[in-house]
Amino acid sequence: MDMTDFHDPWALAVMGLAAAVVGLSKGGLGSVGIMGVPLLVLVLPPIQAAAILLPILCLTDLVATWTWWGTWSRRTLALMLPGAMAGIGVGWLTAALVSDAVVRLIVGVVAVAFVGRWLWQLWHRRPEAARPEGVAPASFWGGLAGYTSFVAHAGGPPFQVYTLPLGLDPRVLTGTSVAFFTIVNYVKLIPYAALGEFDTQNLGTSALLAPVAVAFTFVGAWIINRMRAEVFYPITYALTALVGVKLIWDGLTGL
């Protein structure tokens, strides 16, 4: 990122908004977190955007882990984390070999797929019996969560595809999600450092945006307690879809 971006009101607004949605997601509005990287990718290269957000995620993960300490399912974590580690490895290889245009395309597809899944659920609401744990599905969805988390910090949808049908208690589901992504995010520090993305400029940008994310963590908690989900989430998903379509277009035209 060129330092002149700090004098560009558009770039500053986008970076601040990306940090805000990360904070909102950690405050309880989990689904909005997927917008973080797609927003930053509008003004930064994809891997750099993800690298800037990673320290912020790690910082807010500490608060979330403390809040939900001990509420996770050890069995679910044990089944999903090995696949997640493999997915991170594939993401590392992808980052080293694939162009920015392809990564933009991947991030855009992940965002649009997330919205598509939400729309499908709205149209096909039906009671579903709790599904038992399984090594194969846990490994697959854990791996996909690790990969999409590495590329775009967007591991939530694959994680939810596996965990939601398990019928876990809501507190256990939340605690398991927090523990899973805390471990994944801290492991991701290693390949991102190896890629040389934690230079002074990127870390400085992370430090500037971190207070915004922390502040909006509390805003997210405030919203959870006051705003109706049926109002907030459609707006969030619509914005996510728009950003995703823009990134898909940018990726396709950049190939």
Side-chain angles (χ1 to χ4, degrees), residues 1-6 8 10-26 32-64 84-111 145-156 180-214 216-217 243-244 247 250-251 254:
M1 179 181 66
D2 193 302
M3 290 302 292
T4 57
D5 284 346
F6 287 105
D8 181 348
W10 160 248
L12 285 173
V14 170
M15 287 189 285
L17 183 58
V21 299
V22 167
L24 289 173
S25 70
K26 296 300 181 179
V32 305
I34 195 174
M35 291 179 62
V37 170
L39 282 169
L40 271 188
V41 168
L42 295 175
V43 296
L44 296 172
I47 298 301
Q48 184 184 16
I52 287 171
L53 284 183
L54 183 53
I56 299 171
L57 287 168
C58 289
L59 175 63
T60 52
D61 278 334
L62 292 178
V63 178
M85 299 303 106
I88 291 171
V90 173
W92 187 353
L93 181 63
T94 300
L97 300 178
V98 178
S99 68
D100 280 356
V102 172
V103 178
R104 289 177 193 271
L105 184 59
I106 291 172
V107 176
V109 168
V110 169
Y147 176 75
T148 54
S149 180
F150 182 91
V151 173
H153 302 320
F180 179 85
F181 286 108
T182 297
I183 293 170
V184 165
N185 285 335
Y186 274 88
V187 170
K188 279 153 50 179
L189 291 171
I190 299 171
Y192 271 88
L195 289 169
E197 292 295 337
F198 291 144
D199 57 20
T200 302
Q201 184 171 306
N202 283 354
L203 289 177
T205 304
S206 298
L208 287 173
L209 297 178
V212 176
V214 171
F216 273 86
T217 300
V243 172
L247 290 175
D250 290 346

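Quick note: residue numbers are just sequence positions, from 1.
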Novice: Can you name the residues that form a side chain to side chain contact (heavy atoms under 4.5 Å, CB included) with Ile190, not counting sequence neighbours?
Specialist: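 Partners of Ile190 by the side chain to side chain contact (heavy atoms under 4.5 Å, CB included) criterion come out as none, since no residue qualifies.
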Novice: Looking at residues at least two apart in the chain, or sitting in another chain, which of them share a side chain to side chain contact (heavy atoms under 4.5 Å, CB included) with Leu59?
Specialist: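 With sequence neighbours excluded, Leu59 shows a side chain to side chain contact (heavy atoms under 4.5 Å, CB included) to Ala210, Val214, given in chain and number order.
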Novice: Test side chain to side chain contact (heavy atoms under 4.5 Å, CB included) on Asn185 and Ser149; report intermediate values, then the result.
Specialist: CA-CA 8 Å; Asn185 285 335; Ser149 180; 4.0 Å; yes
Novice: Between Val151 and Ala50, which heavy-atom pair has the shortest distance, and what is it?
Specialist: O-CB, 4.1 Å
Novice: Could you work out, with side chain to side chain donor-acceptor pair (under 3.5 Å) as the rule, every residue matching Asp250, not counting sequence neighbours?
Specialist: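 For Asp250 the side chain to side chain donor-acceptor pair (under 3.5 Å) partners, ignoring immediate neighbours, are Lys246.
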Novice: Could you work out, with ring pair (Phe, Tyr, Trp, His ring centres under 6.0 Å) as the rule, every residue matching Phe181, not counting sequence neighbours?
Specialist: Phe159
Novice: How many angstroms lie between atom CG of Leu57 and atom CG of Leu189, to the nearest 0.5 angstrom?
Specialist: 10.0 Å
Novice: Say you draw a straight line from CD of Gln48 to CG of Leu195; how long is it, rounded to the nearest 0.5 Å?
Specialist: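 The CG atom of Leu195 is 12.5 Å from CD of Gln48, to the nearest 0.5 Å.
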Novice: Nearest 0.5 Å, what's the CE-CG distance between Met15 and Leu42?
Specialist: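 Atom-to-atom, Met15:CE and Leu42:CG are 12.0 Å apart.
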Novice: Once side chain to side chain contact (heavy atoms under 4.5 Å, CB included) is applied, do any residues pair with Val90, and if so which ones, sequence neighbours excluded?
Specialist: Thr94, Tyr147
Novice: Under the ring-ring contact (aromatic ring centres under 6.0 Å, His included) rule, what pairs show up with a residue in residues 85-104, not counting sequence neighbours?
Specialist: none
Novice: Name all residues meeting the side chain to side chain donor-acceptor pair (under 3.5 Å) criterion together with Ser206; count only those two or more places apart in sequence or in a different chain, and write none if there are none.
Specialist: none
Novice: Which pair of heavy atoms, one from Ala18 and one from Leu40, lies closest together, and at what distance?
Specialist: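 The pair with the smallest heavy-atom distance is CB-CG, 3.6 Å.
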Novice: Please list all pairs passing the salt bridge (Lys or Arg N to Asp or Glu O under 4.0 Å) test where one or both residues lie in residues 185-196, with sequence neighbours left out.
Specialist: none
Novice: Any chance you could measure Leu44, atom CG, to Leu39, atom CG, to the nearest 0.5 Å?
Specialist: 11.0 Å
Novice: List for me each residue that meets ring pair (Phe, Tyr, Trp, His ring centres under 6.0 Å) alongside Tyr192, sequence neighbours excluded, and say none if there are none.
Specialist: Phe150
Novice: Sequence neighbours left out, what pairs pass salt bridge (Lys or Arg N to Asp or Glu O under 4.0 Å) with at least one residue falling in residues 41-61?
Specialist: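 Counting only pairs at least two positions apart or across chains, the salt bridge (Lys or Arg N to Asp or Glu O under 4.0 Å) contacts touching residues 41-61 are Lys26-Asp61.
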Novice: Take Met85 and Val184 through the test side chain to side chain contact (heavy atoms under 4.5 Å, CB included) and record every step on the way to the result.
Specialist: CA-CA 7 Å; Met85 299 303 106; Val184 165; 4.3 Å; yes
Novice: Locate the shortest heavy-atom distance separating Phe216 from Ala20; write the atom from each residue and the value.
Specialist: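 What the structure gives for the nearest pair is CB-O, 3.4 Å.
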Novice: Hey, could you give me the CD1/CG distance between Ile47 and Asn202, rounded to the nearest 0.5 Å?
Specialist: 11.5 Å
Novice: How long is the gap from CG on Leu209 to CG on Leu17, to the nearest 0.5 Å?
Specialist: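 One finds 11.0 Å between CG of Leu209 and CG of Leu17.
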